[in-house]
2 protein chains.
Amino acid sequence: MPTYKDIQRLTGLSLSTISKYFNDLPVREANRLAIEEASAALGFRRNAFARGLRTKRSRVVGILLPELDNAFHMSIIAGVESALWKEGVGILVRAAHDDLVTGIGSLREQMVDGIIAVPTNAVDPETLTTVLGDVPLVLLDRRIDGVVADTVTIDNEAAGARAAECLSAFGHRSVVALVGPDSVWTMRGRARGFVDTGGHGDVTILTTTNLTVAAGHLAMAQALASRRRPTALFCANYELTLGALLAITNAGLSIPEDISFVGFDGEELAEITKPRLWMIVQPIEDLAARTAELMLARLAGDTSPARKVVLPTRLVPGDSISPPA
Amino acid sequence: MPTYKDIQRLTGLSLSTISKYFNDLPVREANRLAIEEASAALGFRRNAFARGLRTKRSRVVGILLPELDNAFHMSIIAGVESALWKEGVGILVRAAHDDLVTGIGSLREQMVDGIIAVPTNAVDPETLTTVLGDVPLVLLDRRIDGVVADTVTIDNEAAGARAAECLSAFGHRSVVALVGPDSVWTMRGRARGFVDTGGHGDVTILTTTNLTVAAGHLAMAQALASRRRPTALFCANYELTLGALLAITNAGLSIPEDISFVGFDGEELAEITKPRLWMIVQPIEDLAARTAELMLARLAGDTSPARKVVLPTRLVPGDSISPPA
DNA sequence: CTGTTAGCGCCTTCAT
DNA sequence: ATGAAGGCGCTAACAG
């Protein structure tokens with residue numbers, strides 16, 4: 001690996017001039033050309049270790065997710081990566097497996113300049129502060145009670161509420177929400193919004209054991225087979241939506257004749273099902289953009305108080321709701 | 001951030017003894033305890049920049065994917081991350097957007113010790129060699145013509161062939177494969193295997209514009225509406241499988257009465273659809289394990305010739321094929 | 001605008 | 001098993 005010294009040998013310039021060139025500080029035109037020629041000939045690339053040792057920055061941000069195979073989180077991260085990389089910032093991705101503190105510690109060991117995390121469990125705020133040191137943290141999709149940090153989420157209550165409104169606007173008084181485990185922050189919010197707004201009638205919350213297609217299918221299949229079969233349904237995330245849809249289809253039931261349906265996050269799905277499904281959809285690109293923006297600001301030295309960014313969901317109309325029989 | 005010097009101040013030991021302790025070299029028991037106490041008190045963590053500067057290794061592997069929102073690739077990467085992290089190796093993830101060479105260059109700039117890439121376009125082997133330098137490269141899921149590198153893929157021809165066999169075993173002589181663009185290496189292989197083996201009869205290849213649920217749905221909806229409606233179908237990836245399934249359901253057709261069906265990668269889906277679908281499934285965990293293993297070996301200094309790991313797919317039987325009318 | 005100099009924190013001979 | 005010393009490649013004063 002060539003170094004400044006090699007460039008110095010070819011150009012006769014001092015190390016500091018060469019450094020200035022690479023840091024976009026003014027350099028005489030002739031020297032600039034000489035450096036460019038030399039480094040092209042050498043295939044030179046600056047050594048990030050040495051640079052980091054001096055500057056104390058890696059231009060890498062750590063990403064901490066519960067699991068890496070969650071499609072929703074990864075699609076946000078795709079947007080975050082794109083926005084950060086435009087500024088030359090890379091992402092070091094790690095599965096946290098419900099242990100935020102350990103995850104943060106390990107990322108810090110690898111010298112990340114900041115951390116974006118989707119938290120799961122509760123965390124002791126003090127422990128968090130200690131392990132974080134001065135590394136900026138942006139919490140994505142979910143919050144942690146008692147922790148003061150930048151936060152980018154959607155308005156989950158409003159999302160649940162809107163779903164309930166759609167259904168009640170068509171006259172449904174007996175409504176069901178298929179939601180994931182109560183341990184998931186977003187699910188609590190969506191369920192709460194749904195209950196609070198649909199609460200004038202008869203509201204049932206079906207809780208699944210986890211957020212998978214299979215779990216959604218199972219819970220829905222059981223509900224459909226029960227004595228009081230749901231007639232108006234809201235699914236609180238994409239996997240549950242798909243699972244419920246399959247359960248309904250397999251049971252030989254029709255939407256909306258037998259059951260009215262509001263799904264979540266499946267805009268693409270909504271467009272190709274018959275009938276089109278009503279959907280609550282999350283603004284993935286905005287979530288990504290705001291998260292990246294916040295992080296870049298912190299990296300640039302913004303020390304203003306923690307922000308709480310709350311984005312609205314979009315309601316995509318369909319033909320999957322009809323008045324109750 | 002505390003350094004060895006701080007530990008030295010607390011323990012009176014030399015920097016070299018402290019270094020030895022942290023590098024698992026023999027240190028007298030009393031000293032070991034002193035160092036442990038001091039570093040705990042200080043909240044000490046070794047500075048990876050300084051370490052990298054000396055050792056020339058970052059303990060980070062770069063991951064280069066066409067896009068980060070591809071569920072299949074990310075599920076492999078989830079396994080890779082898990083295996084690498086067990087060895088203390090992190091992953092720096094980047095979307096390559098069809099430009100492997102630039103991607104590799106940028107990852108090298110961030111000092112990755114190795115690169116795992118899912119390639120898309122062709123690449124000039126020499127350019128690749130140059131930009132790689134001595135960084136080990138493992139190609140995942142797809143190969144590049146003319147490039148000699150470690151490679152972990154499935155046997156795509158065999159996968160396509162097996163699908164064709166299933167259908168012909170039930171007596172189908174007119175079979176259709178729904179595959180993605182010919183530009184995708186895996187799709188070419190699956191189509192080839194399907195054609196070669198199903199070739200005794202009447203084989204049609206439906207090519208979609210991209211690998212999405214919507215594209216699969218569209219292509220399938222058109223085919224179902226055509227004069228010669230398919231009666232035996234193989235879908236060459238998960239998104240196409242889901243899209244085709246929705247198209248079939250929406251068209252009011254039944255599996256397998258109207259159309260026999262072999263899907264791809266949707267084992268979970270297969271279990272909850274009615275009837276159960278025949279599926280070709282990729283060994284995601286094995287792909288991840290072999291990839292990680294290969295990379296770890298290279299990081300450990302293995303300089304043996306490039307390996308070509310080819311894994312078999314699994315055939316999951318269902319009730320979605322019946323003899324033709 | 002350019003050059004000289006002094007580290008950043010750690011690992012690694014080399015003696016002891 | 002320990003200690004002293006040098007340097008990895010780069011940046012950031014500072015002087016010119």
Side-chain angles (χ1 to χ4, degrees), chain A residues 1-39 42-60 88 108-113 133-135 299 301, chain B residues 1-39 42-60 88 108-113 133-135 299 301:
Chain A
M1 282 289 88
T3 73
Y4 282 0
K5 279 193 175 162
D6 297 301
I7 296 180
Q8 182 175 44
R9 202 165 299 141
L10 294 192
T11 61
L13 293 166
S14 77
L15 297 179
S16 101
T17 302
I18 297 167
S19 171
K20 292 208 177 73
Y21 165 79
F22 282 107
N23 288 292
D24 297 318
L25 295 171
V27 167
R28 192 179 300 156
E29 186 61 13
N31 294 338
R32 147 161 302 162
L33 292 172
I35 294 171
E36 273 163 4
E37 189 188 359
S39 57
L42 292 164
F44 173 82
R45 351 181 75 103
R46 273 185 297 184
N47 183 314
F49 293 133
R51 217 134 76 82
L53 187 55
R54 284 309 314 251
T55 62
K56 308 204 172 306
R57 352 196 97 278
S58 58
R59 309 214 50 108
V60 171
R108 286 208 56 190
E109 217 131 84
Q110 315 225 18
M111 302 286 139
V112 299
D113 293 342
D134 54 0
V135 174
L299 295 183
Chain B
M1 283 288 86
T3 74
Y4 281 1
K5 279 193 176 163
D6 298 301
I7 296 181
Q8 181 177 42
R9 202 165 297 141
L10 294 192
T11 62
L13 294 165
S14 77
L15 298 179
S16 105
T17 300
I18 298 167
S19 171
K20 291 207 178 72
Y21 165 80
F22 282 107
N23 289 290
D24 296 318
L25 295 171
V27 167
R28 192 179 300 157
E29 187 61 14
N31 294 338
R32 147 160 303 161
L33 292 172
I35 294 171
E36 273 162 3
E37 189 189 358
S39 57
L42 292 165
F44 173 81
R45 346 182 80 101
R46 274 184 296 185
N47 183 312
F49 293 135
R51 217 135 76 83
L53 187 55
R54 285 306 314 248
T55 63
K56 309 206 172 305
R57 354 197 96 279
S58 57
R59 310 215 51 109
V60 171
R108 287 208 55 192
E109 217 132 82
Q110 314 224 19
M111 302 286 137
V112 298
D113 292 343
D134 54 359
V135 174
L299 295 183

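Convention: sequence-line order gives letters A, B, ...; per-chain numbering from 1. Fair warning: this is a prediction, and the values are worked out from it, not measured in the lab.
One can place CZ of B/Arg9 at 11 Å from P of C/dG9, the figure rounded to the nearest angstrom. C/dC10 atom P lies 16 Å from atom CG of B/Leu25, rounded to whole Å. Atom CZ of A/Phe22 and atom C1' of D/dA12 are 17 Å apart (whole Å). Rounding to whole angstrom units, CG of residue A/Asp6 and P of D/dC8 are separated by 11 Å. Here D/dC8 presents its P atom at 12 Å from CG of A/Leu15, a figure rounded to the nearest Å.
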Stepwise side-chain contact (heavy atoms from CB on, under 4.5 Å) check, B/Ile18 with B/Phe44: CA-CA 12 Å; B/Ile18 298 167; B/Phe44 173 81; over 6 Å; no
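A/Val27 is listed as a side-chain neighbour of A/Thr17, based on a closest heavy-atom distance under 4.5 Å. Within the 4.5 Å cutoff, side-chain heavy atoms of A/Asn23 are placed close to those of A/Arg46. Taking the side chain as every heavy atom from C-beta outward, A/Asn47 and A/Thr3 never approach each other to under 4.5 Å.
The phosphate of D/dG9 (OP1 or OP2) has no side-chain N or O of A/Thr3 nearer than 4.0 angstrom. Between A/Ser19 and the phosphate of D/dT11, there is a side-chain N or O to OP1/OP2 separation shorter than 4.0 Å. At the phosphate of C/dC11, OP1 or OP2 sits under 4.0 Å from a side-chain N or O atom of B/Asn23. Listed pair A/Tyr4 / D/dT11 meets the phosphate criterion, a side-chain N or O lying under 4.0 Å from OP1 or OP2.
Between C/dT12, C/dG3, C/dC1, one nucleotide has an atom nearer to the side chain of A/Lys20 than all others, and that is C/dG3.
Within residues 45-57 of chain B, the residues that place at least one heavy atom under 4.0 Å from DNA chain D are, in residue-number order, B/Leu53, B/Arg54, B/Lys56.
In the displayed structure, A/Glu36 atom CD is contacted under 6.0 Å by more than 12 heavy atoms of other residues, nucleotides or ligands.
A donor N or O paired with an acceptor N or O is not found under 3.5 Å between the base of C/dG3 and the side-chain atoms of A/Thr17.
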